[in-house]
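Sharing a structure here in structure tokens format.
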Amino acid sequence: MLYPHSDLLSKVEREVDRRKEEIISFLQDAVRIPSVSCDEAQIVEFLRGKLVALGFDQAVIDKIGNVYGTVRGTKGGKTLVYNGHVDHVPPGEMEDPYSAKIIDGREFGVRGPVIYGRATADMKSGIVSMIMGAHIASEIAGHLKENLTVTGVVMEDATPGHPGPKYLVEKDGLSGDAAIITESTNLGLNLGHRGSSLIVVRFKGKSAHASEPSRGVNALYHASKFISGFEMIRKSFPRHEVLGYPTAAITDVKVYPGALNVIPERCDVFIDFRYIPEYRMGELIRQIENLISRLKTEDNAVTGEASIVRKHLRSHTGLESETEAVNLPFYTSPSEELVKT
Ligand SMILES: [Zn+2]
């Protein structure tokens, strides 16, 4: 068993109840700080201040702008990592997105009062819970046997590939024996998540004036044949016993040059792909290539090429990074020690 025995757990629960008001106002303060992806300077400073005030042994903001802290255990041979992201998607048309007011939850189908505001559920409540949980557990125990690290990462909602958490693992060298992600799951314990990636299939043609289409090769027509055939690929996906089926959805089509009186010389088809450990991305790309080869036997002019979307981003600390839009799937077996604990 890595961590708390049931006695400690019930003491932690009682202490959480006693400090309920403090925890609620910590979450409200966090929600009141806007932290759209790549613009998280204020929230990470706020959280680092909290880690210091709560007596964490370490409270760091790294080069890309992630914040993390550790409660060191007396034995300290093992580390349990709690992970969450501090950024969120833009509020769009949402009314009063950073008010953090307490309202009746009925509006959202929830019984009792709730905190209203962008990123409350996804996932500042998770961030506040893990920080307060780590603090209260170590305070009650007097000391923890093993290390407990909490991480608030940036740029998670910016793109699959997650430059913030990636930096934490690959550049900061942060590691642990087990990790728990505190994304909202209605308080359920989920053992894994499908991977996700963005794929672009690029069709090339030849531009011409629309008044003389026979002088050009219309890349949009080639793409439309591909889109019709894509349905068959989707039907061949295998099912994972817990994570379910992979999904692939065509979400956007862009033509170039995009003038209404010009035959498109290029057409990009974008695919959002969610996948399971048994059906990796290479398999989908192989099937896409097979489909394009089939289309080519019908029309030799078809040229399509699949690749993973890349995104160039700049962190709130000014660090530039180029990220492949890929998150790997993961699944922890119910027989693992962490799950049984
Ligand atoms: Zn999230």
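The chain is numbered in sequence order, starting from 1. Whatever order the structure lists ligands and atoms in, that order sets their numbers, starting from 1.
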Basic-acidic side-chain contact under 4.0 Å: Glu265, Lys206: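 The answer is no: the pair does not qualify as a salt bridge.
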ILVMFWY clustering at 4.5 Å (side-chain atoms), partners of Val114: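 Met94, Ile103, Phe108, Val110, Tyr116, listed by chain and number.
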Lys254 NZ/CZ over Phe270 ring centroid, <6.0 Å and within 45° of normal: yes
Any salt bridge linking Lys20 with Asp17? Criterion: basic side-chain nitrogen under 4.0 Å from a carboxylate oxygen. no
Quick check for you: within a radius under 2.8 Å, how many protein N, O or S atoms neighbour the Zn ion (ligand 1)?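 Excluding waters, the total comes to 4.
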Between Arg280 and Glu283, does any side-chain N to carboxylate O distance fall below 4.0 Å? no
Verify side-chain contact (heavy atoms from CB on, under 4.5 Å) between Phe26 and Phe46, making sure each step is shown before the conclusion. CA-CA 10 Å; Phe26 178 5; Phe46 168 75; 3.6 Å; yes
